[in-house]
Each structure stands twice: as C-alpha cells, then as structure tokens.
Amino acid sequence: MSKIKLRFFTIADYEEEEIWLREQHKKGLRLVKILPPCFFIFEECVPEDVLYRLDYKNNCETGDYLQLFQDYGWEYVSSCVGWLYFRKPAADVQSENDGEIFSERESRVDMIWHIIKTRMMPLFVIFLCCVIPNWMKTLHGTFGFVDVFFGIFFTVLLMLYLYLLIYCGQKLVKLRKKYEYE
C-alpha cells in the first residue's frame, strides 16, 4: 500500500532529508518516488535500518555513474529536480566510509559548489532582475486595488526570496566549511 507524505526541504537541507528518510524506513515506509516540490511516495515494508544518501547532479548522471553506486552496494531509488536518491541497509555497512557515497571530502565540497552555481546563482539573478524591480514598481503605483494586490504579492515574494537566499546561502557555506575541514 502506498502512502504520500508532504514534507519540504530546501536545497541546503539534504542531510536532514537523509535522516528523515531513514526514520521513515525504520517505521516501515520505503521511499519509492518524490514528486516536486515536496511529495514523498512511500510503500509499506518491513521496518529496517536503511541509510539514505542524496547526490546533486542536476540531471547530469549517466548509466556508468549509477552503475558505480550499484557496485558499492547502493540502490538507486529515484531522482527529483537534480537530486538522486540512494539507499543501503545499515547492516551492509562495514566501515564509516561504507555509509557514505563520497569517498573524499573534495567530492562533497564540489557538490556544494555545484549547488551554489546551478541553484543559488539563478535564484539570486531572478531576485535581482525580476523580484526587486517589480516590487519597486509596485511602490510607485496609483494604489488602486490591483496595485495594492501586486504590492502585497511582491512584498511577500521579496521576503520569501530574501529568507531562502540567506538561509540556504548560510547553510551551504557552513556545510562547505564543515566538509573542507573534516
């Protein structure tokens, strides 16, 4: 039987997402698929301790890439907006490195830079070129109903973008530093 759970994670929350997926599997829910933006489809299973790991490839993965993970005991589960989901039973982990999909810290740092270049930078450009100019434009309207509506809409959008840019930016910088000094 399938179950759908609604849960939102930002691009910087992938470690928390891995932990949440592991907890779901321990409760007897195995991840089957993810539908953007935040719908997780599970199927009931025997509760088991299973590690989940995410890798961000932005749709650049190949068959050889997926085969490499399979060779190391990782099962490919699904992909969603550039993220690839893998799992492995915790019982199959013999060493600390066995439980990770990256064998060296440079790969983790590279993934963070890839996220920044392909997700954060476009969001920042949209913010600068679309959200701010439209918000500024609504401040100089005639203040009819439509102007007030768009003023409120672009103010909310501005605040949301600011929050996400600051939250994700700070968290990704923290993760990068953590991985650089591990």
Side-chain angles (χ1 to χ4, degrees), residues 1-126 164 168-169 171-180 182:
M1 178 194 248
S2 293
K3 288 191 177 186
I4 297 174
K5 290 197 172 197
L6 179 67
R7 182 78 186 258
F8 181 77
F9 294 97
T10 70
I11 56 175
D13 295 330
Y14 63 90
E15 288 183 335
E16 289 85 351
E17 189 172 351
E18 292 172 345
I19 292 166
W20 182 73
L21 291 169
R22 184 178 187 178
E23 290 169 358
Q24 297 307 305
H25 209 118
K26 285 180 181 179
K27 294 176 183 176
L29 295 173
R30 175 183 26 238
L31 179 66
V32 176
K33 188 175 185 173
I34 305 100
L35 298 173
C38 51
F39 297 98
F40 292 81
I41 301 171
F42 295 93
E43 65 182 14
E44 291 181 359
C45 67
V46 175
E48 180 183 11
D49 190 10
V50 174
L51 301 174
Y52 281 82
R53 294 292 180 258
L54 279 68
D55 189 13
Y56 179 73
K57 282 296 187 192
N58 201 26
N59 303 321
C60 296
E61 71 280 357
T62 64
D64 291 340
Y65 171 82
L66 296 176
Q67 183 62 50
L68 179 67
F69 280 92
Q70 189 175 1
D71 292 345
Y72 284 96
W74 291 96
E75 175 190 359
Y76 170 73
V77 179
S78 185
S79 66
C80 183
V81 288
W83 288 97
L84 302 170
Y85 292 74
F86 298 93
R87 70 175 156 233
K88 178 192 258 189
D92 292 353
V93 174
Q94 304 302 318
S95 68
E96 188 176 325
N97 279 348
D98 262 357
E100 298 298 329
I101 59 174
F102 297 109
S103 58
E104 69 245 356
R105 63 183 175 82
E106 290 86 16
S107 298
R108 291 178 187 197
V109 173
D110 288 345
M111 183 181 82
I112 298 293
W113 280 116
H114 188 61
I115 292 169
I116 290 169
K117 287 188 287 189
T118 62
R119 288 294 166 91
M120 290 297 292
M121 293 307 290
L123 285 176
F124 188 68
V125 169
I126 290 169
L164 286 174
C168 291
K171 192 156 186 187
L172 288 170
V173 167
K174 243 178 162 175
L175 285 169
R176 188 196 62 176
K177 286 179 182 177
K178 172 185 154 185
Y179 295 151
E180 284 177 344
E182 272 187 349

Value for CG (Asp110) from CD (Glu104), rounded to nearest 0.5 Å, stands at 8.5 Å

When Tyr14, Trp20, Trp83 are each screened for side-chain contact (heavy atoms from CB on, under 4.5 Å) with Phe9, the one that passes is Trp20

Kindly determine whether Glu16 and Lys171 satisfy salt bridge (Lys or Arg N to Asp or Glu O under 4.0 Å), including the steps that lead there.
-> CA-CA 12 Å; Glu16 289 85 351; Lys171 192 156 186 187; 2.5 Å; yes

Checklist entry - Taking the side chain as C-beta and beyond, is there a heavy-atom pair between Tyr76 and Gln70 under 4.5 Å? => result no

Contacts of Lys174 meeting side-chain contact (heavy atoms from CB on, under 4.5 Å) (sequence neighbours excluded), chain-then-number -> none

Rounding to 0.5 Å, atoms CD (Glu17) and SG (Cys80) come to a distance of 8.0 Å

Next item on the list: Please test Gln24 against Tyr52 for side-chain hydrogen bond (donor to acceptor under 3.5 Å, both in side chains), starting from the C-alpha separation and ending with a verdict.
Entry: CA-CA 10 Å; Gln24 297 307 305; Tyr52 281 82; over 6 Å; no

Would you mind reporting whether Leu51 and Val93 have side-chain heavy atoms less than 4.5 Å apart? yes

What one should report as the nearest heavy-atom pair of Arg119 and Ile11 is CB-CD1, 3.7 Å

Exercise. Measure the shortest side-chain to side-chain distance between Arg87 and Leu31 over non-hydrogen atoms and say whether it is less than 4.5 angstrom.
Key: yes

Min side-chain heavy-atom separation Phe69-Glu75 under 4.5 Å: no

- Backbone N or O of Trp74 within a donor-acceptor pair of the Arg53 side chain at under 3.5 Å? no

Are any of the side-chain nitrogens in Arg105 or Glu180 under 4.0 Å away from the carboxylate oxygens of its partner?
no

Taking every heavy atom of Leu29 against every heavy atom of Lys3, the minimum-distance pair comes out as CD2-CD, 3.8 Å

Any side-chain heavy-atom pair from Thr118 and Tyr56 closer than 4.5 angstrom? yes

- Can you tell if the side chain of Lys177 reaches within under 4.5 Å of the side chain of Val109, non-hydrogen atoms only? no

_If the threshold is 4.0 Å, N to carboxylate O, is there a salt bridge linking Glu48 and Lys26?_
no

Which pairs would a plain distance check flag for residues 32-47, meaning a side-chain donor or acceptor within less than 3.5 Å of a matching protein atom at least two apart in sequence or in another chain?
from  : atom 1 : to    : atom 2 : distance (Å)
Glu43 : OE2    : Arg30 : NE     : 2.9
Glu43 : OE2    : Arg30 : NH2    : 3.2

Would you mind reporting whether Asp49 and His25 have side-chain heavy atoms less than 4.5 Å apart?
no

TODO: Look at the side chain of Lys88 and the backbone N and O of Ile101, then say whether any donor-acceptor pair between them is shorter than 3.5 Å.
DONE: no

Show, in sequence, the C-alpha distance, side-chain angles and deciding distance for Leu172 and Arg176, and conclude whether the side-chain contact (heavy atoms from CB on, under 4.5 Å) test is met.
CA-CA 6 Å; Leu172 288 170; Arg176 188 196 62 176; over 6 Å; no

Q) Do Met111 and Ile115 touch side chain to side chain, with heavy atoms closer than 4.5 Å? A) yes

Requested in this report: Start with the C-alpha gap between Asp13 and Thr10, add the side-chain angles, then the distance that decides, and say whether side-chain hydrogen bond (donor to acceptor under 3.5 Å, both in side chains) holds.
Outcome: CA-CA 5 Å; Asp13 295 330; Thr10 70; 2.9 Å; yes

